[in-house]
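Written below as structure tokens is the structure these notes are about.
Just so we're clear, the structure is a prediction, and the values are computed from it rather than from any experiment. As the structure lists them, so they are numbered: ligands from 1, and atoms in each ligand from 1. Because only heavy atoms are used, hydrogens play no part in the values below, and waters and symmetry mates are left out as well, while side chains stay in.
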Amino acid sequence: MPGFEIFGDEERKEVQDVLDTGVLFRYGFDQARKGHWKAKTFEAELAERVGVKYSHLCSSGTSALCIALASCGVGAGDEVIVPPFTFIATIEAVLGAGAVPVFAEIDETLCLDPEAVRAVITPRTKAVLPVHMCGAMARIDEIKDLCAQKQIFLIEDACQAIGGTFNGKALGSFGQMGCFSFDPVKTITCGEGGAVVTSDEKLYKTAEAYADHGHDHTGDDRGLEGHPVLGTNYRISELNAAVGLAQLRKLDYILKKQRASKKAIKDALSRFSEITFRKIPDEKGDSATFLSFFLPEESIARKIAGDLGSAGIDACFYWYDNNWHYIRKWDHLKKLKSAAKLPVRLFENCPDYEKVNLPQSDQIMSRTISMLIKLSWTEDELKQRIEKIVEIISA
Ligand SMILES: *Cc1c(COP(=O)(O)O)cnc(C)c1O
């Protein structure tokens with residue numbers, strides 16, 4: 001998966017352009033920057049790639065989520081439906097907005113189950129925030145229909161799914177807004193960075209203003225710009241944007257390589273009748289950053305994950321027992337441990353997160369193993385890896 005594995009001359013060249021001018025700021029300095037607009041160029045290429053009208057590059061995937069929530073008007077006391085299998089950033093962004101995360105079950109897509117989403121919608125639900133986890137999609141058409149029917153916002157967390165599509169349409173382009181991350185371990189990286197995408201001009205204008213202290217970015221004197229809203233600073237630097245620009249241009253290569261490696265491993269595992277694979281609503285649109293599969297029982301999954309680890313097969317994850325991506329081990333969330341009192345505590349619709357009960361998700365996650373697909377594997381390394389994996393699972 002990680003784009004850093006193929007960091008090379010292309011990235012160095014883009015960064016050098018910026019160093020040569022010394023203009024690290026993404027706005028203004030029109031003369032001094034000698035035609036280099038790395039953030040702007042990235043935005044144009046990303047919007048084109050995702051098939052939306054607008055994109056705004058920002059400092060992280062987390063800030064992209066914060067920008068999207070704010071731009072959609074999600075704020076104090078609003079409920080946002082989220083999955084329990086994600087990176088904690090999704091939940092932190094909702095809490096940061098002063099809104100209330102409401103958990104719904106995932107299904108065998110490892111993403112939000114549309115039926116489960118429907119079941120937790122209340123009059124206070126303002127948005128659904130599905131996460132396209134581990135490179136592949138939720139049942140996003142059904143979730144989109146549901147949101148339209150209930151007139152609530154759909155904001156996609158596509159931080160792990162750049163390059164993924166559903167029926168030919170890019171993940172991140174189904175909702176009013178989509179969010180991407182370009183942190184150091186994502187499919188493509190800016191070092192640190194993120195982006196929001198949308199085809200709604202009003203949402204875009206709010207987003208780019210909010211991400212830069214409310215500046216409306218009109219005219220050529222920053223000091224004279226208008227401020228339609230209060231905002232904050234979620235800006236990206238030109239240096240980070242430059243790295244990302246080179247990486248974005250490698251996306252097709254990355255997808256092709258990942259898909260080939262994933263297929264080889266999946267084909268090898270298909271011989272085991274006990275193994276079933278994550279449901280992917282549109283296999284062709286899988287960005288193939290991970291291969292995820294189910295074992296018949298929790299005990300078997302835990303054992304195999306342990307054996308893979310002891311045999312030195314790196315980058316295999318049993319999320320149910322680690323505290324990274326699944327709610328079961330998020331003690332800080334369950335106890336709402338925060339640096340300062342969170343707005344969510346003030347609302348009577350604040351759930352008791354220690355009592356969140358998600359049997360369907362537990363049932364799925366306790367049997368799931370995910371294997372990261374690396375870009376740096378040689379043919380030989382991949383072959384040897386597959387042989388070892390097959391040996392371990394056979395045993
Ligand atoms: C990485 C990630 C984020 C946050 O992105 P950062 O750029 O690290 O802030 C949000 N959601 C998901 C699903 C992620 O994987």
> What protein heavy atom sits nearest atom 8 (O) of ligand 1, and how far off is it?
Replying inline: Asp183 OD2, 2.6 Å
> Among pairs that include at least one residue of residues 46-71, which meet ring-ring contact (aromatic ring centres under 6.0 Å, His included), considering only residues two or more places apart or in two chains?
Replying inline: Tyr54-Tyr204
>> Suppose I only count heavy atoms of Ala89 and a 4.0 Å limit; which atoms of ligand 1 are within that range?
In response: 3 (C), 4 (C), 10 (C)
> In the protein, which heavy atom is nearest to atom 15 (O) of ligand 1, and how far is it?
Replying inline: Gln160 NE2, 2.8 Å
>> Can you pull out every ring-ring contact (aromatic ring centres under 6.0 Å, His included) where at least one residue sits in residues 216-246? Sequence neighbours excluded, please.
In response: Tyr27-His217, His215-His227
> How close does the nearest protein non-hydrogen atom get to atom 11 (N) of ligand 1, and which residue and atom is it?
Replying inline: Asp157 OD2, 2.8 Å
> Relative to ligand 1, is Thr62 under 4.0 angstrom through side chain, backbone, both or neither, heavy atoms considered?
Replying inline: both
> Side chains of Glu156 and His132: do they bring a donor and an acceptor to under 3.5 Å?
Replying inline: yes
> Do any nitrogen or oxygen atoms of Gly61 lie less than 3.5 angstrom from nitrogen or oxygen atoms of ligand 1?
Replying inline: yes
> Hey, are Lys303 and Asp307 close enough for a salt bridge, meaning a charged N less than 4.0 Å from a carboxylate O?
Replying inline: yes
> Among protein heavy atoms, which sits nearest to atom 2 (C) of ligand 1, and what does the distance come to when rounded to 0.1 Å?
Replying inline: Lys186 NZ, 3.0 Å
>> Could you identify the single nearest non-hydrogen protein atom to atom 5 (O) of ligand 1 and state the distance to 0.1 Å?
In response: Ser181 OG, 3.2 Å
